[in-house]
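Note on naming: letters A, B, ... go to the chains in the order of the sequence lines (proteins, then strands), and numbering restarts at 1 for each one. These numbers come from the heavy atoms of this one structure, side chains and all, not from hydrogens, waters or symmetry mates.
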Amino acid sequence: MELYKTNQLKIYNSLSKSKEIFKPIVEGNVGMYVCGPTVYSNVHLGNVRTFMSFDLVFRYLKQLGFKVRYVRNITDAGHLENDADEGEDRIAKKARIEKIEPMEVVQRYTVDFHETLQKINNLPPSIEPTATGHIVEQIEIIKDILAKGMAYEVNGSVYFDVLKYNETEHYGILSGRNIEDSVHNTRELDGQSEKKNPQDFALWKRAEEKHIMRWPSPWGEGFPGWHLECTAMSTKYLGETFDIHGGGMDLKFPHHECEIAQSKVKNKVNPVNYWMHANMLILNGQKMAKSTGNYILPNEIFTGENKILSKAFSPSATRFFMMQAHYRSVLDFSNDALEAAENGYMKLMEALNNLENIEVGKVSSINIGEWKKRCYDAMNDDFNSPVLIANLFEAVKYVNLLLEKKETISAADLEELKNTMNTFVYDVLGLQNNSEENACDKLNGVVEMLIKMRKEARDNRDWALSDKIRDELAVLGIQLKDGKEGTTFSVN
RNA sequence: GGCGUUUUGGCCGAGUGGCUAGGCAGAGGUCUGCAAAACCUCGUACAGCGGUUCGAAUCCGCUAGACGCCUCCA
């Protein structure tokens, strides 16, 4: 029987601002859409955190037995940079600077994005559609919204009429705003004279002469507006109403608010049942962002090539660091925090390796079933990975006590412990075991030989030689551990 | 200025109206030829001031700080 039938998953819904019991539209199936990256530069660690948060959601839904269609777009048509740059989107701008074809920029950074997510062990989504591949769908939606009188055309551009929409619907329902407030508080910017109101957002923008990315439309040559692509792609692949829509907290307004408005006009239904927002990664007390230069790239962490880092950290240690925080909490990035996470991560991996060395007994002195339930309870409570990890460390303690024979475990319980730990560590959290990568058979053989030689030296009370072997191996990052049952080692 | 979130022990980070989060770092102990590892024990917490309550770090109010959004942004 599928686990979702016995596990009651609760998800914090940004729309209701409360945890709700998750009930998919079609039993056993989940449709999930997550706003993907704009591929005009390398993804930074803050971007990665969001995608990792939803990777956790994706993985756990699958673990519960749901059949998940996970759609995450690639924004390759670019967003408008600001109104002063009217007609010029980010990707076109970058292309001009580098004197290359826009789609070459898109290709380069899409590849970088995929490589980075693969290193950090994110699962690929089920469908990864591109904005440029869905121009036709976007044009159709605009025509529909125009026909319904909720948009207007000016000089080859089409804008969504927010004030008119707000007469019958609540623009601001997701972000907790009232349009009346923002009417009084929105700063007037230049170049907005086309719009009836500053709150109106573009559905279609007329392309200036020099604009590189352009498509024909009923309103002339141009390109789609900021928020339309997600509406087009999510509803195309998941339906007019689907289960989960995710994205970074910073997209809640205006991006997701606009998506709701567009969908409601076009389909007359709420597009999303559960809105999920992942919180920001903080560096130097501020949100990581390309625009401010306050960011760190994933590769800089993996190579250690950044002045705030004392050394390189593996993708898994980095992933573990992020999983130790809840996805809805702000997380502070620092070298100290990463180091602490790395130490904890290695301790966890050590215990996983040691699972193989445990001897079974007739009865169990620890309650594995109860422990397993606590693991699921943690994840059922809005994907609470930090509490899950606390429970995994509880299991680390079990493993060590079992090795010392201070506790006993039955064969069936040991199997349960192994399966559950593997499931949560590898399948749900998506961590990888680095020690397996580092230690190959030849190395194992050499170290075992040295351990044997050291034992002979110790038996002869030749402490100088035995310590020399131990210390020199330590310098190489190989740590020897003398236990009651003999010496073991770990590779750092 | 508006809307929202947040403030936990040396550090990172959970959580709850009364019952140990966890990790890292630190102290003492067991073990050990010594060390490391492991295990056991321990410490200083819930920004400040009021209120509700038998009881609040947990609910409410005020004050102070921080962050996010209000413009592209994960």
Side-chain angles (χ1 to χ4, degrees), chain A residues 14 17 34-38 40 43-54 75 78-85 89-90 172 175-178 180-182 184-187 189 192 198-199 226 246-255 257 277-282 285-292 320-321 324-326 328-334 336-345 347-348 350-351 354 378 381 384-394 396-397 399-401 403-404 406 458 461-463 466-467 470-471 474 479-484 487-490:
Chain A
S14 300
K17 296 182 175 55
V34 172
C35 294
T38 305
Y40 67 93
V43 285
H44 63 250
L45 200 64
N47 303 123
V48 168
R49 184 188 180 203
T50 295
F51 299 126
M52 199 183 286
S53 294
F54 289 106
T75 298
H79 287 183
L80 283 176
E81 194 161 50
N82 57 49
D83 288 63
D85 265 353
D89 73 41
R90 289 198 151 198
S175 53
R177 285 155 208 268
N178 288 312
E180 293 79 13
D181 296 339
S182 50
H184 295 112
N185 286 302
T186 302
R187 286 164 285 172
L189 297 170
Q192 288 188 328
Q199 288 75 25
W226 311 267
M249 200 74 100
D250 49 355
L251 295 185
K252 200 191 265 187
F253 187 91
H255 183 59
E257 205 71 73
H277 290 96
N279 220 321
M280 301 288 106
L281 186 63
I282 300 287
Q286 310 254 240
K287 170 185 161 184
M288 268 192 207
K290 266 282 151 50
S291 54
T292 58
F320 185 77
F321 161 72
Q324 274 191 306
H326 187 90
R328 280 192 290 115
S329 297
V330 166
L331 175 63
D332 268 297
F333 182 88
S334 72
D336 287 353
L338 246 192
E339 270 187 4
E342 184 185 49
N343 287 337
Y345 161 71
K347 193 170 153 184
L348 181 61
E350 187 77 22
N354 278 334
D381 184 16
N384 198 327
S385 56
V387 169
L388 169 65
I389 288 173
N391 283 311
L392 292 176
F393 277 109
E394 187 72 16
V396 169
K397 191 174 271 189
V399 169
N400 289 324
L401 288 169
L403 282 175
E404 295 195 356
K406 287 178 179 167
R458 293 178 76 199
R461 306 185 74 78
D462 184 353
W463 310 129
S466 94
D467 288 355
R470 182 179 69 200
D471 296 343
Q479 188 184 45
L480 297 189
K481 297 166 187 177
D482 295 330
K484 282 215 167 66
T487 302
T488 58
F489 74 97
S490 64

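- Taking atom CE on A:M249 and atom P on B:C69, their separation rounds to 10 Å, with Å as the unit.
- The side chain of A:Q286 contributes no N or O atom lying less than 4.0 Å from OP1 or OP2 of B:A66.
- A:D462 pairs by the side-chain contact (heavy atoms from CB on, under 4.5 Å) definition with A:A457, A:A464, A:L465, not counting sequence neighbours.
- Which of B:G33, B:C69, B:A14 sits closest to the side chain of A:R177 comes down to B:C69.
- Taking the six-membered ring where the residue is Trp, A:F320 and A:Y345 present tilted rings, their angle falling between 30° and 60°.
- Across all strands, A:G176 comes closer than 4.0 Å only to sugar-phosphate atoms, never to a base (heavy-atom distances).
- At a cut-off of 3.5 angstrom, counting only N and O atoms as typed in the model, there is a donor on one side and an acceptor on the other between the side-chain of A:D467 and the base of B:G33.
- Under the stacking definition used here (centres under 5.5 Å, planes under 30°), the residue A:F51 fails to qualify as stacked on the base of B:A74.
- With the nearest nucleotide of RNA chain B identified for both A:K481 and A:G344, A:G344 has the one nearer the 5' end.
- Between B:A57 and B:G18, the distance separating the two C1' atoms is 12 Å to the nearest Å.
- Distance from the side chain of A:D250 is smallest to B:C69 among B:C69, B:C39, B:A14.
- Among the atoms of the strands shown, only primed sugar atoms or phosphate atoms (P, OP1, OP2) are found under 4.0 Å from some heavy atom of A:D332.
- A:N279 has no side-chain polar atom (N or O) that falls below the 4.0 Å cut-off from OP1 or OP2 of B:A74.
- Here the C1' atom of nucleotide B:G23 and the CD atom of A:E394 are 13 Å apart, to the nearest Å.
- Within the 4.0 Å cut-off from OP1 or OP2 of B:U5, not a single side-chain nitrogen or oxygen of A:K252 is found.
- Residue contacts for A:K17: at a heavy-atom cut-off of 4.0 Å it reaches no nucleic acid atom on any strand shown.
- Across all strands, A:L281 comes closer than 4.0 Å to base atoms (heavy-atom distances).
- Between the side chain of A:R470 and the base of B:C34, a donor-acceptor pair under 3.5 Å is found.
- Note on A:R458: a base of the nucleic acid sits closer than 4.0 angstrom, heavy atoms only.
- Between A:K481 and A:E350 a salt bridge is recorded (basic side-chain N to carboxylate O distance below 4.0 Å).
- Residue contacts for A:H326: at a heavy-atom cut-off of 4.0 Å it reaches the sugar-phosphate backbone alone, with no base atom in range.
- Within 4.0 Å (heavy atoms only), A:G172 reaches no atom of the nucleic acid at all.
- Dashed line: the shortest gap from a side-chain N or O of A:T38 to OP1 or OP2 of B:A74 is under 4.0 Å.
- Side-chain contact check for A:N279 and A:S329: no donor-acceptor pair (N or O, by modelled atom type) lies under 3.5 Å.
- Residue A:S334 is out of contact with every strand shown, counting any heavy-atom pair closer than 4.0 Å.
- Under 4.0 angstrom from either OP1 or OP2 of B:A38 there lies no side-chain N or O belonging to A:N400.
- Judged by distance alone, with hydrogens and angles left aside, A:S466 brings a side-chain donor or acceptor within reach of the base of B:G33, the pair sitting under 3.5 Å.
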